[in-house]
Amino acid sequence: MPEGHSIHRLARQFSSVFAGSRLAVTSPQGRFSSGAARLDGQVLEGAEAHGKQLFLRFDNDLYLRIHLGLYGAFDFGGDETFAGASSIGAPRRVGEREIAGDGAAEDTAYAGPPPPRGAVRVRLVSDHGWADLRGPTACEVITEPERAAVLARLGPDPLAANAAEGDGGREFSERLRSKGSPVGLLLMNQEVLAGVGNVYRAEVLFRRRISPWRLGRDISEAEAAEVWAETVTLMNDGVRQGRIITTEPQDREDAGEPVPVSEAHYVYKRTGLPCRRCGTAVAGTEMGARKLYWCPTCQAR
DNA sequence: GTTCCATGCCAAA
DNA sequence: TTGGCCTGGAACA
């Protein structure tokens with residue numbers, strides 16, 4: 001997936017283009033027809049993200065809960081009032097960057113959504129635009145108590161509005177340091193930290209020079225605070241930029257040649273390549289059924 | 001054309 | 001721990 005930054009951008013996009021609008025909700029693919037019927041014709045009151053969960057709130061007190069999983073993505077389109085990216089989600093299109101609107105809407109009047117392309121699980125349509133969702137892991141209608149239950153299971157979100165000053169850092173530290181499993185595993189555990197995925201996991205640990213093999217209970221409070229602060233910074237950058245950027249400008253070159261920001265990671269997907277800081281070959285293995293990358297020298301402890 | 005792979009996660013074994 | 005879900009771009013033939 002799309003890590004947390006993409007979901008927060010989705011929430012922002014839904015708020016700006018759909019909030020306050022009455023929506024036609026359908027499931028062209030058919031797999032979500034009964035759920036869509038419960039929301040069809042309701043007004044979207046707002047959108048919010050927590051970690052990788054997206055909640056769309058409707059005025060009949062129901063929520064649409066969406067989790068993109070590994071493949072899910074939204075496509076958007078509409079008239080000139082319909083600002084923002086035209087596609088947010090699974091990063092396979094154009095590296096890991098979402099597709100920006102092409103601005104082609106100006107010369108042709110908006111004539112409603114196009115015929116659905118492929119398996120569209122949900123289509124949301126207002127007077128000004130549309131959104132298509134395909135390939136999500138989760139897409140369901142839930143009530144407020146059910147939403148509260150989902151949130152209760154999640155750890156603190158580094159993209160929460162008050163993440164820098166609030167008690168998210170303390171809560172993260174407590175959850176991390178109470179566990180005996182490797183920190184590389186814990187950063188991916190949504191009950192410990194909500195929103196971090198494989199890229200941020202690898203890159204944050206590199207930047208804090210922490211070995212992914214150290215156990216949560218062996219991480220000091222100071223280190224946990226640093227990891228939290230680093231995550232807050234990097235992921236907020238991700239929200240602003242619409243892509244994951246983890247390297248400092250001076251580290252974005254290979255053999256003197258500049259590397260596109262989207263490919264310039266420190267260790268992610270760089271097994272066998274030289275560490276951008278020390279030149280040691282980046283190590284790679286599996287941890288928790290996901291690829292793990294780290295520099296054995298920079299992250300020796 | 002086919003196979004592989006991915007920024008997730010869950011249920012079943 | 002493993003397989004399955006589900007989509008599409010990239011890599012290979």
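- Remark: C1' of C/dT1 and CZ of A/R290 are 16 Å apart, rounded to the nearest angstrom.
- We find that CG of A/L292 is positioned 13 Å from P of B/dG8, with the value rounded to whole Å.
- Distance noted for atom P between C/dC5 and B/dA13: 14 Å (whole Å).
- In this structure, A/Y200 places its OH atom 16 Å from C1' of B/dG8, rounding to the nearest Å.
- The interatomic distance linking A/N189 (CG) with B/dC10 (C1') rounds to 13 Å, in whole Å.
- In this pair, A/F82 and A/F76 present their aromatic rings tilted. The plane angle is within the 30 to 60° band.
- Going from atom CG of A/L70 over to atom P of C/dG3 covers 17 Å, rounded to whole Å.
- When the side-chain nitrogen and oxygen atoms of A/H67 are compared with OP1 and OP2 of B/dC9, one or more of them lie within a distance under 4.0 Å.
- Using a cut-off of 4.0 Å between Lys/Arg side-chain N and Asp/Glu carboxylate O, A/E48 and A/R57 are scored as salt-bridged.
- Contacts of A/A138 with the nucleic acid, taken as non-hydrogen atoms under 4.0 Å apart, are absent.
- Here the nucleotide nearest the side chain of A/Q29, chosen from B/dG8, C/dT7, B/dC9, is C/dT7.
- Spacing between B/dC10 and C/dG8 at atom C1', rounded to whole Å, works out to 22 Å.
- Rounded to whole Å, the distance from CG on A/L154 to P on B/dG8 is 14 Å.
- Of all nucleotides listed (B/dA6, B/dG8, C/dT2), C/dT2 comes nearest to the side chain of A/A289.
- Aromatic ring centres of A/Y200 and A/H5: separated by under 6.0 Å.
- Comparing A/R153 and A/Y293, the nucleotide of DNA chain B nearest to each residue sits closer to the 5' end for A/Y293.
- For A/M188, counting side-chain heavy atoms from C-beta on, the closest listed nucleotide (B/dG8, C/dC5, B/dC9) is B/dG8.
- What separates CZ of A/R31 from P of C/dC5 is a distance of 10 Å, to the nearest Å.
- A/T297 and A/T280 are linked by a side-chain donor-acceptor pair at a separation below 3.5 angstrom, with hydrogens and angles left out of the test.
- Judged as a ring-ring contact (aromatic ring centres under 6.0 Å, His included), and not counting sequence neighbours, the contacts of A/Y266 are A/F206.
- If you measure from atom CG of A/L68 to atom P of B/dA6, you get 19 Å, rounded to the nearest angstrom.
- Comparing C/dT7, B/dC9, B/dA6 against the side chain of A/K52 picks out B/dC9 as the nearest.
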